[in-house]
Amino acid sequence: MRKPSEHKIKNATERLMKRMPLEKVRLIPKYKDITEEQYFLLIKNVEKITILILESFISAQSSDF
């Protein structure tokens, strides 16, 4: 397995933002006062965490062989 390309990561981020737009995120009590800037930071952090998990998984799969 390889790390996904930047293009695939960008597409996944866009799909996430379509599924969870700012208005929908604001319906979650914890994020009711979130600003647009904070929303984009949240999306970026989710992206980073997801990539770290994926890289860990890929690394574990590679070391099994």
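Quick caveat, the model's predicted, so the values are computed rather than measured.
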Legend entry - Cluster link Ile9 to Leu52, ILVMFWY, side chain under 4.5 Å: no
Inset, instruction - State, yes or no, whether a side-chain contact exists between Leu27 and Glu23 at a heavy-atom distance under 4.5 Å. - result: no
Legend entry - Cluster link Ile49 to Tyr31, ILVMFWY, side chain under 4.5 Å: no
Legend entry - Rounded distance (nearest 0.5 Å) linking atom CD1 of Ile53 with atom CD1 of Ile58: 12.0 Å
Legend entry - Residue pairs, two or more places apart or on separate chains, that pass salt bridge (charged side-chain N to carboxylate O under 4.0 Å, His left out) and touch residues 31-54: Lys44-Glu47
Inset, instruction - Consider only side-chain heavy atoms of I, L, V, M, F, W and Y, link residues closer than 4.5 Å, and tell whether Leu16 and Leu22 are in one cluster. - result: yes
Legend entry - Same apolar cluster (I L V M F W Y, side chains within < 4.5 Å links), Met20/Val46: yes
Inset, instruction - Please identify each residue that fulfils side-chain hydrogen bond (donor to acceptor under 3.5 Å, both in side chains) with Gln38, with sequence neighbours left out. - result: Thr35
Legend entry - Test item: Met17 and Tyr39 side chains (from C-beta on) under 4.5 Å apart, heavy atoms: yes
Inset, instruction - Give the cluster check for Ile34 versus Leu41: same hydrophobic cluster or not, with ILVMFWY residues linked at side-chain heavy-atom distances below 4.5 Å. - result: no
Legend entry - Test side chain to side chain contact (heavy atoms under 4.5 Å, CB included) applied to Arg19 - qualifying residues, sequence neighbours left out: none
